[in-house]
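Report on the following structure.
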Amino acid sequence: MSERLDALEERINALRAEVRRAVRARDGALARSLRAELRGVERAWDQALADQEPPARETPSASEPDEAPRAGAAREPGALVPVREQVHQALTILGVPASAKMIVAVHGALRAGSLRGTQLASLRRDEERSFRSSPFARPYYLCAALTDRLSASRGLLTVSTWPLERRAIGPLSPRVDFLTTAIRVAEHILRLEEAGEPTPSGAERLLSRLAYNVPGVPVAPDAPPRPAMVVKAARAELEVHAGADADARARIADRARARLGDAERLFGGTILSLAREEAS
Amino acid sequence: MERFDRLRGAVPARPHDARAIAALAANPGCARRAVMDAAGVDKDATATHLGFPAPFGQSPFAITRGNAFEALVKDSGCAELLRLLRELLGLPIPLAAYTDLGDIGGNPSAHLRHAHTLKLIDRAARDDDEAGTLYDHPLLRLEIAGHTSYLEPDVVAFRLAGRFHIVEIKSFAIVDGQAEPDKVAAAARQAAVYVLALRTMLAELGHDPARVSHEVVLVCPENFANRPAGTLLDVRRELAVLRRQLSRMARVGAIVDGLPEELTFDLAPDADGVPTRPVPELREAVRTVGARYAPECLSTCDLCFFCRDEAAAGGSTELLGRQVRDALGGVATVSEALGLADGSLTPGEGQEEIARLLRLADRIYAEAG
Amino acid sequence: MSTLAALARLRAVRTGTAQRLATVRHCHLSERPMVFIPLRLAGEAAAPLAAMVGTDPGHPHLLVVPQPRDRDLRFAFAAELAEIVLPYVEGFLKETETVERRGAEPYERCADAPQLLVPGRSALAFTLLLGRSTRFRRAEGPHAVHPSVPILGRWLTFFAQRARHPGSALLLAATEALSLHWATGQSALEDANLASLIGWIDPPPGTTGADAAREAEDPLVWPPAGPATDPGFDAEVLAPAIRAYEEAPGERAAARVAEAVRTQLDPTWRLMWRAVDLLRGLPEGRGASARWETDRGSFTAFAEQLAEGGPPQPKHDGAVAAASRLARMERAQASYDAQRAYDDPLVMAAYRLTGEAFTGTVVASDPANAEGEGRGRKLRPLLTVRTGDPVRLATGTKLGTPDRRGQQAEVVEVDGELVTLKIVKGMGRGKVATPGAVPEVGDQVCYAALSDEYQPPASLPAPEETPWTHGGPPPEYVPSTEDDQEEWS
Amino acid sequence: MIGAMPSPAAEAAAVVDAVLDDLPRHRGVVVDSPPGAGKSTLVVRAAGHLAESGEPLMIVAQTNEQVDDLIVRLAEEHPGLPVGRLSASDYVVPARVMGKAAVGTKLPELGDPAVVVATADKWAWAGDRTWPWAIVDEAYQMRSDKLLRVAGMFERALFVGDPGQLDPFSVVDGDRWAGLSWDPLQSAVAVLLRHNPDLPVHRLPVSWRLPASAAPVVSEAFYPFTGFRAGTEPGERRLVFRAGGMRTAYDRALEEAASGGWALYELPSRHTLRTDAEAVQAAALLATRLVQRAPVAISERGERPVTAERIAIGAAHRDQVAAILAAGPPPGVTVDTANRLQGREYDVTIVLHPLSGRRDATAFHLESGRLCVLTSRHRHACVVVARAGIPELLDAHPSAEPVRLNVPVKFPDGWEANQAVLAHLAGHRVEAAPLR
């Protein structure tokens, strides 16, 4: 190893120690500046190493054949389709309000997509900004689910074209939507099977995961659950909750229609409207 | 209360979270800790300013893992949890309602959230037709040494057959039915805080507090898979200890009354929050209240290194642990004990026996070694 | 805590170095032990992060899992570890000796056995978990692993379980082995830190044990001996390295993780060998050698079981297995305690202080005393010993003595400083005592109410005959597919 | 209250009848017996009951002394019943057992008695014979691995014992079995009931030993959920001194105990060695003074002098026992550890409190069974010797016991039990005289 590399490595070690000393002394500012310096030296070390060696041939891992090395969001495969489009696809498959995590999982499993959770973080805010600057300019918006307090439910995404009843969340709705998700995923696999297409292994894994929490799905070791059985079992439980859930959702939707303006109806009531609601 | 404010200085009192409350039982005999906790002093900051930062830290991996596991249990309306409760307690299928008491829009105050929790728990306790089953993030509160502490909980409360249970989610593993006893103990102590707080809430609402079960559902990953599994944990003992420690906190006043009027642990932070209090002055202030150091403090108390240093400087036998201390029958310092052992020190009243034993030990040790 | 051990700690505080608690070594130390230092990823039950392992102090093997959450990488780690551990272990199977037994067939026993050394109790517990998470794996089927992985799992399980058998030395935790022989000037809790413990026993020149121990608490100077890593290291060094590997898996990124964990393992590696040297400095006690013989037997038996294709160790003992193990452990504990005392005057000293043992000078001896008539006449020599020890022994108490281990005596009377006792066992059949068999007037003697006599326990039912009080016969063990499906995260 | 409470005798008899009725209906029947509630009476009664059926019966006890006691009681109650005693080869037949049982080291040596009594250890060697019935005595003090060795010998069994006394223990670490339903370190009853949760559990409701002054205290502290009452009314038992006192602290403590059933002889607060010379001496001197005062016990059994044999001094550790013996208590007075006092009964007991002089309470000291044994051996009065400061010690006790999954929580909690007993003793405090 060259002298320069040695020196850099020594510096890296020293800096790491200093950083940890600063952290232990609860000196956040110092730690941050030291860390920044550390990253700089690390980059220099990487560079020095790269200068020295012929470029390392890194074989892409077999499980993710199309993962380009260190690609930014814009160069993501399938990035030809914007993120909001991909989310819309996933939500359309599911047909119920879903968390970012579920959307990523479904999209990954059924559409071979590679959305990341972080990409969805600011989506709802962006959509709201867009809507507020020019209402209804887009054919659909990715928007909020509404709690029984008419506020935006934390973490759930819906599509603006859905009826309010579907976007409302009553006490039984998380369960109903979970069961519906299991049914939709199973049905999607069934359709692939009917079309003679191979089932992606990710889809099977997702279905196993969901089916595990649906009572009455027969479990066979080493084999994924049969989609038809999942549909049957999930429908059986769904039957139990459906009536009560539909009533609760309808009541929330009615209230939302009566009390919320367009934007609030899509993106949730504000504290002010909540206070009105509370007072009434 | 004013007295506590003076002790603490011009900073808001450190809120007691469930973990802090559970830790009260770790060394209840320590007056220093009792006074500082009751006054809401930031012991961590105090220790750091004194030059003895606490040796604790949590790995980012552990934090990530904890959060990820909790999310896994609670995903999709607590789908995993429902399965567990159905298996463990025979929760009937129709009982699947999930209410997130923390999700009430905007960024509401603790007070508002507590009121919301109160309203829904009241409805649940009345067995309203609408009443739900799972209640996530209930905001509970406890009265501690005259302060109201809000407990920011990551627990779920659920109702079955008119009884409420607390669900405690922890990411340590249960392997073949066993988990690390210390971690289970910590979880049980913490869960007991929530049980007590929920009981208090029911009592305030005019319901029977006994409707909160002393059996807590502990949810942990099982074996080496990431799958959550549930176990029932009886926290009656922890509840008894907790009640005891809380009533003890209320009695801290007596210790405080005996302290100098002007005593304060104020760090005098400047505009950037950097402490400006001269260290020797703070050291004197802290020393005014006696500590009861034991090596066990090293895993529980922020001030442990400071107190250990103090004990070492004084040559205290406490440094060597409770067992050694007990074997020495109350001899307080190392030099005193060694003096008695080699005969250079004449035993004081009541020390004749231990002196005889130590001299004998000294002789036998010399003979055998 | 005995007063003696307490006094030793006090003296350590005053002198600044640890004080001896033993004059001989009470655990066998192999000539070629294997040091094993595992690290675990924080927050996970049994996800290995790295291990340093080997038998040559100058050439440790470093094994690393660059992304500990990746199941395949973890099993690759286990296979790598197996490549180092299994040849070492199996190397001891080649040379055997024939052991003759009274009333039973002779059998073969390995001439020597492997010995694993780990830093402390938590490393021991982790070894057990590592064994648990690998021994049920299979080399075929949907979750296939390398065939060596389940074998490794069974050996690790064997070693870790055996470590809980009193007096066994097949797997030693360094902190425990050292604490058995030295008392430091800090608390037993703090002794669990290997660096600080060695700091007390062998402080660097010019410093005191207390200083060395304080320094040892700085994770920047002395990283924790594992399996838990320093949270500061995790946050500042390990997390970025693992993240870099995740983003661009490759040799360079893996090397970065490896270098990071090496900094955490190197110091402990050196400490472990210092611990070996310190322990080697003590001569091995008689009992330690005898217990090692038992260890060799246990090792041989397990190797045979493995060779015969027996199933992996079950997840827990059944009712019968538990009771039988408990009986074996209790017996081993009693003989371990007794042997240590008889081997070592410093250990005996603690019993003298509590009045369960005494030393003194023989002031009267009647070697010809006998009881019974004719053929039933038995030699029962009488001794009177003057002692300065505070004897608290009741008449009739059975006593042993380090100088004549085959003999047993009985307390006849304690009268102030004079103890009269009668030798009741080990006098042979002769009419007169063989010369030297009975202590003479003026001899220094030591007697203690400690016995390592073996009384075989009553037999237990066969597992398939477990009675109804204990749940009836257990279901037969069938390896379930679930066992090898566990994700090991 | 509606209707009068049944008399203690009637209440106890009803439970015994229910137990006997249950015997043929279940594979096992458990009877919890608080201190002095007539456990031996029940065992002897059940033995007679089962023997009447003509089927042979094995009785399992834990110590040789318990075996001998049972044989004596059996001979008293069922003089015609042939009894055998299995014993080790070095067992010396005590006078009280002579002629009351056939003694042998192997079953065939005993002939064919209706009842065979032996310790659990001895039974484990007794061979393959199967018995239709067994009675297991002191079953809560029996470790479950011992039960495992003998349970295959019987088809049905009656398990009798006191759940409040000391749990079995081991010198080795048994963590690996914690939580298993067959944990060998758990008591025989705990394991039995975990595998057979439907077996009936009866409770003897009346303590015939403890006086009215003690039964409520012991019941509340150590049997908080089940409880029991005294068989005698307040005032029915009395302790009087035929010799006069001198108003010394010892005298006052003894008089307090005689009038109120309890006394706390309190020495000044100090941290001491376990063998605290002052406390040890106080215990011995209290016994000496007691004998000197010529005490007489008046009870439902009539008027009887309290001789040295009817007095015991109890302590937690063996070295304390040795030290008390060295301090010279009157000849004939029993001095022993809690472990060995289990199952025994005296008129007056003197107890060296396990927490006296300690700075920190350990799990050993706090174990509720230990204090329960020590404070429940007496028919008339109990004098506790302790240094002041135990409430403060309890108050400062750190509660950090590890918790093991699936191990049933043991009640009562040692801390609570200690607290309850101390709270009661506070009302019977006599300050020790300052040492000369």
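Here is how names work: the chains are called A, B, and so on, in the same order as the sequence lines, proteins then strands, and each is numbered from 1.
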Between chain C and chain D: donor-acceptor pairs at under 3.5 Å:
unit_1: C/Asp317; atom_1: O; unit_2: D/Trp182; atom_2: NE1; d: 2.9
unit_1: C/Asp317; atom_1: OD2; unit_2: D/Trp177; atom_2: NE1; d: 2.9
unit_1: C/Glu330; atom_1: OE1; unit_2: D/Arg143; atom_2: NH2; d: 2.9
unit_1: C/Glu330; atom_1: OE2; unit_2: D/Arg143; atom_2: NH1; d: 2.7
unit_1: C/Glu330; atom_1: OE2; unit_2: D/Arg143; atom_2: NH2; d: 3.3
unit_1: C/Glu330; atom_1: OE2; unit_2: D/Ser170; atom_2: OG; d: 2.7
unit_1: C/Ala458; atom_1: O; unit_2: D/Arg149; atom_2: NE; d: 2.8
unit_1: C/Trp468; atom_1: O; unit_2: D/Asn196; atom_2: ND2; d: 3.2
unit_1: C/Thr469; atom_1: O; unit_2: D/His195; atom_2: ND1; d: 3.4
unit_1: C/His470; atom_1: NE2; unit_2: D/Ser144; atom_2: O; d: 3.0

### Query
Who wins among D/Val172, D/Leu180, D/Leu148 for the most heavy-atom pairs under 4.5 Å with chain C?
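Greatest number of close heavy-atom pairs with chain C: D/Leu148.
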### Which of D/Val191, D/Leu325, D/Leu185 touches chain C most, by non-hydrogen pairs under 4.5 Å
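If we count pairs closer than 4.5 Å to chain C, D/Val191 comes out on top.
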### Task
Heavy-atom distances under 4.5 Å only: say whether D/Leu147 touches chain C with side chain, backbone, both or neither.
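Both the backbone and the side chain of D/Leu147 come within 4.5 Å of chain C.
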### Which atom of D/Gly152 lies closest to which atom of C/Pro467, heavy atoms considered
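Minimum heavy-atom separation between D/Gly152 and C/Pro467: N-CB, 4.1 Å.
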### Task
Taking all non-hydrogen atoms of both residues into account, name the closest pair between D/Ala124 and C/Ala458 and its distance.
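Closest heavy-atom pair between D/Ala124 and C/Ala458: CB-CB, 3.2 Å.
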### Query
Which region of C/Ala327, side chain (C-beta onward) or backbone (N, CA, C, O), has a non-hydrogen atom less than 4.5 Å from a non-hydrogen atom of chain D, or is it both or neither?
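The side chain, not the backbone.
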### Query
If you count the non-hydrogen atoms of other residues, nucleotides and ligands that lie under 6.0 Å from CZ in D/Phe169, is the total more than 12?
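Counting neighbours around CZ of D/Phe169, 12 or fewer heavy atoms of other residues, nucleotides or ligands fall under 6.0 Å, so no.
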